[in-house]
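Data block below; observations after.
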Amino acid sequence: MTFPVVGMVGGGQLARMSHEAGIPLGIRFRLLSDTPQDSAAQVVRDVVVGDYRDLDTLREFARGCDVITFDHEHVPTEHLRALEADGIPVRPGPDALVHAQDKGVMRARLDAMGIPCPLHRIVRDPGDVAAFASEAARAAGARQDTGDADTGSGPGSGSGSGSAFPVPVVLKTVRGGYDGKGVWVVRSTAEAADPFKAGVPVLAEEKVDFARELAACVVRSPHGQAVAYPVVESIQVDGVCDTVIAPAPALPEQEAVQAQELALRIAGELGVVGHLAVELFETRDGRVLVNELAMRPHNSGHWTQDGAVTSQFANHLRAVLDLPLGDPRPRAEWTVMANVLGGDYPDMYSAYLHCMARDPQLKIHMYGKDVKPGRKVGHVNTYGDDLADVRERAAHAAGYLRGTIPE
């Protein structure tokens, strides 16, 4: 019996954990990695080191694969169309993936679908940003007039040199940003200058006054089977995911189902194959707005490794291979994922003794990365029936591994 070869473009931790999920199924992996030291390149046997931006490299890599998938969205869209023209299955395909690659394309398509999003538009220069800020202030005022909450900080909230905006504005490069990179919160025309220096299109969005961030994760196969995981709460610190709580506490069942249905609709109408994470804002006035899309395994789904019947990684592989999808239901009442960030304490292995002895149920997942301050080097999962206890255990383990909690 010949088992399929999954070609994974990108050698980060998502590829590493996807490979792990494929091992019990006998699925073989071929990896296109930037360097031999990348997270997944340390554990995958068949590694090609090369530049994913080079079409010839991609074509040579793909010849040994039955299907191509990704641990990031940065492969040029035209290269993916060339692979499809060569007869190579690409999942998700370029027609879907472009909506995770280009924020401008994503916003335009979601608008056409009637999906609720923050106020937004492509801007040309700092003066255009100032005009957008005035639009956002008027929209916020209209919501206040109807009894809804403001989306900004009110008139006169601008800071720094240059003309102050009536409300803050979020600027994003349309391609390439992640974990807070390529994102600016600006309050004046002077502050709005930096995003345009790269010479790429810039998307302006209202700064949403949200109560919390949620994520709805779904998986869809080529023939249209789809499953939805519980909606989770995602807690960010300095633009980086810190903690994920599954399911999102105090989220009414009707709203949770609506968020799952929204994610399933987006996956279906965009033709997504594989895992889709829909990042959401829950606003203080009770709205739910789409923030970002990710068409790959996602940080908000890491809890599923230990907290769901079938993990996001296993279901992503099943989807791209067009296998029946696995059960997404949770195994415990609560599961909490906490990211382990690098700090000033590089010897994390010696911390295992304390963490494992303190919490025998703790699950530690490390990525094989050099420890650098602020870098994601792993995560922990905890689960149980008492949310406060589960959160404390996760926070303690992540903090102790990082070296910020001494005992």
Side-chain angles (χ1 to χ4, degrees), residues 1-36 38-52 55 57-75 79-97 100 217-227 267 271-277 294-298 301-302 304-305 310-326 328 365 367-368:
M1 182 178 294
T2 300
F3 286 83
V5 176
V6 173
M8 178 71 75
V9 179
Q13 63 262 27
L14 301 179
R16 181 184 178 111
M17 291 182 278
S18 297
H19 169 255
E20 178 187 7
I23 291 173
L25 302 177
I27 294 169
R28 294 180 293 164
F29 254 67
R30 193 164 196 239
L31 187 72
L32 180 59
S33 184
D34 291 340
T35 75
D38 285 349
S39 180
Q42 299 173 28
V43 297
V44 175
R45 183 179 63 181
D46 186 1
V47 178
V48 175
V49 176
D51 187 349
Y52 62 84
L55 179 56
T57 299
L58 278 171
R59 278 179 160 149
E60 182 61 30
F61 168 76
R63 287 193 184 98
C65 305
D66 294 291
V67 63
I68 298 295
T69 191
F70 316 92
D71 93 333
H72 61 71
E73 292 103 345
H74 305 316
V75 180
H79 290 2
L80 301 181
R81 297 193 192 284
L83 293 183
E84 284 195 327
D86 292 343
I88 299 165
V90 176
R91 295 172 178 166
D95 290 341
L97 192 62
C217 294
V218 299
V219 183
R220 181 177 178 273
S221 70
H223 68 273
Q225 184 191 9
V227 297
V272 176
V273 173
H275 186 272
L276 169 69
M295 297 180 192
R296 51 173 170 74
H298 191 258
H302 288 357
T304 63
Q305 284 179 297
T310 311
S311 76
Q312 65 164 345
F313 301 102
N315 261 336
H316 181 75
L317 291 179
R318 291 190 187 199
V320 301
L321 291 168
D322 206 10
L323 294 170
L325 301 180
H365 301 270
Y367 306 153

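Applying the ring pair (Phe, Tyr, Trp, His ring centres under 6.0 Å) rule to Phe70 yields no partners; only residues at least two apart in sequence or on another chain are considered. In terms of the side chain to side chain contact (heavy atoms under 4.5 Å, CB included) criterion, residue partners of Leu32 (sequence neighbours excluded) are, by chain and number, Val9, Val48, Tyr52, Thr57, Leu58, Phe61.
How far CG of Leu55 is from CG of Leu80: 9.5 Å, rounded to the nearest 0.5 Å. Rounded to the nearest 0.5 angstrom, Ile27 CD1 and Leu321 CG are separated by 5.0 Å. Atom CG of Leu276 is separated from atom CZ of Arg220 by 10.5 Å, given to the nearest 0.5 angstrom. The line from CG of Asp71 to CD of Gln13 is 7.5 Å long, rounded to the nearest 0.5 Å. Between the CG atom in Asp46 and the CZ atom in Arg28 there is a gap of 9.0 Å [rounded to 0.5 Å]. In this structure, CG on Leu317 lies 10.0 Å from NE2 on His19, to the nearest 0.5 angstrom.
Under the side chain to side chain contact (heavy atoms under 4.5 Å, CB included) rule, Asn315 has a single partner from Val320, Leu323, Thr310, which is Thr310. Applying side chain to side chain donor-acceptor pair (under 3.5 Å) to Gln312 and the options His275, Gln305, His298, Arg296 leaves one that passes, His275.
Scanning both residues, Ala96 and Gly271, for their nearest heavy atoms gives CB-O, 3.8 Å. Nearest heavy atom pair, residue Ala319 against residue Val219, reads CB-CG1, 3.7 Å. Closest non-hydrogen pair, Ala277 versus Cys217, comes out as CB-SG, 3.9 Å. Between Leu14 and Pro297, the shortest heavy-atom contact is CD1-O, 3.2 Å. Taking each heavy atom of Ala294 and Ala100 in turn, the nearest pair found is CA-CB, 4.5 Å. Closest non-hydrogen pair, Ala62 versus Arg30, comes out as N-NH1, 4.5 Å.
At least one donor-acceptor pair under 3.5 Å links the side chain of Gln42 to the backbone N or O of Gly368. Judged by distance alone, the side chain of Asp66 and the main-chain N or O of Val5 form a donor-acceptor pair under 3.5 Å. Listed for the Arg16 side chain is no donor-acceptor partner under 3.5 Å among the backbone atoms of Val43.
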Would Met8 and Phe29 count as a side-chain contact (heavy atoms from CB on, under 4.5 Å) here? Give the steps. CA-CA 7 Å; Met8 178 71 75; Phe29 254 67; 3.9 Å; yes
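With no hydrogens or angles considered, a side-chain donor-acceptor pair links Thr69 and His316 at under 3.5 Å.
A heavy-atom distance below 4.5 Å is found between the side chains of Asp95 and Arg81.
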